[in-house]
Student: 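Have a look at this one before I ask anything.
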Amino acid sequence: MRGKELRRSLSVLPIGTVMKLTSLTARQIRYYESQKLIFPQRSDGNRRLYSLADVDRLLEIKDYLDDGLNMAGIREVYDQKQRESEQRKNQDHQLTDDDVRKILHDEFLQAGGLKTPSAQQPQAPLQKPL
DNA sequence: TTTCTCACA
DNA sequence: TGTGAGGA
């Protein structure tokens, strides 16, 4: 079933299609790209080509924005995800889903400008070697 | 027609 | 972010 993953990563959708799929404006979609949140391919006359994976990411970005995060905060979330993947490869220490959820939640609060300070929860005792 | 970049309200 | 200009 890996073929689907591959096709998910194939960038063939023009910005107009992505606009309809995500109900975002071309302006927003390009802006998010400039903020390094998405990395559409380029081809044919400098036109952007998005993949289904990009659309998924755009949809996620909308959710994060709804949570009150800003561009920088969202980028941190994705950086975090990338590091999680790297850590899994290194097998340094398996992060449980709860650990991950805890870390992401902490990122949300920091990036969102501590909109929900509700008693500074003690940092997770997890050391991230990176 | 659609998308691109750049600039300004 | 929205919108318009000027091109491809």
Side-chain angles (χ1 to χ4, degrees):
Chain A
M1 295 304 189
R2 224 136 295 162
K4 288 186 178 180
E5 299 295 299
L6 259 167
R7 280 179 290 188
R8 255 184 239 297
S9 300
L10 279 184
S11 302
V12 294
L13 311 174
I15 198 167
T17 301
V18 179
M19 285 173 67
K20 293 174 183 173
L21 260 36
T22 63
S23 51
L24 289 169
T25 65
R27 190 73 176 75
Q28 289 176 296
I29 297 171
R30 297 193 190 109
Y31 180 61
Y32 299 158
E33 177 191 355
S34 73
Q35 299 306 300
K36 307 295 171 60
L37 264 40
I38 52 176
F39 313 95
Q41 303 294 303
R42 290 290 190 132
S43 77
D44 175 49
N46 197 41
R47 284 186 162 63
R48 296 177 180 73
L49 292 179
Y50 301 82
S51 66
L52 293 180
D54 289 325
V55 174
D56 274 0
R57 174 158 298 205
L58 251 5
L59 258 19
E60 269 188 57
I61 291 171
K62 291 219 309 176
D63 287 339
Y64 290 138
L65 250 28
D66 198 55
D67 279 348
L69 274 74
N70 50 37
M71 301 294 99
I74 297 172
R75 204 193 331 172
E76 283 188 44
V77 171
Y78 286 122
D79 282 354
Q80 194 71 43
K81 286 190 176 183
Q82 279 183 34
R83 286 173 190 170
E84 285 168 27
S85 300
E86 288 174 22
Q87 285 183 16
R88 283 183 184 174
K89 289 182 181 178
N90 293 328
Q91 293 285 307
D92 267 333
H93 42 218
Q94 290 287 40
L95 288 178
T96 68
D97 285 14
D98 193 60
D99 290 330
V100 174
R101 196 184 63 65
K102 210 166 186 176
I103 294 173
L104 284 179
H105 183 255
D106 187 58
E107 287 298 296
F108 284 157
L109 296 184
Q110 286 185 42
L114 307 137
K115 65 171 181 177
T116 317
S118 64
Q120 294 292 321
Q121 291 298 314
Q123 294 293 312
L126 284 166
Q127 287 299 312
K128 287 169 286 180
L130 251 171

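Remember, it's a predicted structure, so these values are computed and weren't measured experimentally.
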Student: Using a 3.5 Å limit on both distances, find every run of at least three consecutive Watson-Crick or G-U pairs that involves DNA chain C.
Tutor: B:4-8 with C:2-6

Student: Please list, one pair per line, the donor and acceptor atoms closer than 3.5 Å that link side chains of residues 1-18 of chain A to other protein atoms, with sequence neighbours excluded.
Tutor:
unit_1	atom_1	unit_2	atom_2	d
A:Ser9	OG	A:Glu5	O	3.3

Student: How would you list, by chain and number, every residue that makes a side-chain contact (heavy atoms from CB on, under 4.5 Å) with A:Glu33, sequence neighbours excluded?
Tutor: A:Ile38, A:Pro40, A:Arg42, A:Arg48, A:Tyr50

Student: Which residues satisfy the side-chain contact (heavy atoms from CB on, under 4.5 Å) test with A:Gln35, sequence neighbours excluded?
Tutor: A:Tyr31, A:Leu37, A:Met71

Student: Are any protein N/O atoms closer than 3.5 Å to N/O atoms in nucleotides 2-6 of chain C? If there are, list each pair with its distance.
Tutor:
unit_1	atom_1	unit_2	atom_2	d
C:dG2	OP2	A:Thr25	OG1	3.0
C:dG2	N7	A:Arg27	NE	3.2
C:dG2	O6	A:Arg27	NH2	3.2
C:dT3	O4	A:Arg27	NE	3.0

Student: Taking only residues at least two apart or on different chains, which pairs with a member in residues 49-59 of chain A satisfy salt bridge (Lys or Arg N to Asp or Glu O under 4.0 Å)?
Tutor: none

Student: Can you pull out every salt bridge (Lys or Arg N to Asp or Glu O under 4.0 Å) where at least one residue sits in residues 20-31 of chain A? Sequence neighbours excluded, please.
Tutor: none

Student: List for me each residue that meets salt bridge (Lys or Arg N to Asp or Glu O under 4.0 Å) alongside A:Arg101, sequence neighbours excluded, and say none if there are none.
Tutor: A:Asp98

Student: Only counting residues at least two apart or in another chain, list the ones meeting salt bridge (Lys or Arg N to Asp or Glu O under 4.0 Å) with A:Lys36.
Tutor: none

Student: So that I can tick it off, tell me whether A:Lys81 and A:Glu60 are bridged by a salt bridge, with the cut-off set at under 4.0 angstrom between side-chain N and carboxylate O.
Tutor: yes

Student: Looking at A:Leu69, is its backbone amide N or carbonyl O close enough to the side chain of A:Asp67 to form a donor-acceptor pair, meaning the two atoms are under 3.5 Å apart?
Tutor: no

Student: Of the residues in residues 29-56 of chain A, which ones touch DNA chain C at a heavy-atom distance under 4.0 Å?
Tutor: A:Tyr31, A:Tyr32, A:Arg47

Student: Just jot down the side chain to side chain donor-acceptor pair (under 3.5 Å) partners of A:Ser23, sequence neighbours excluded, or say none.
Tutor: A:Lys62

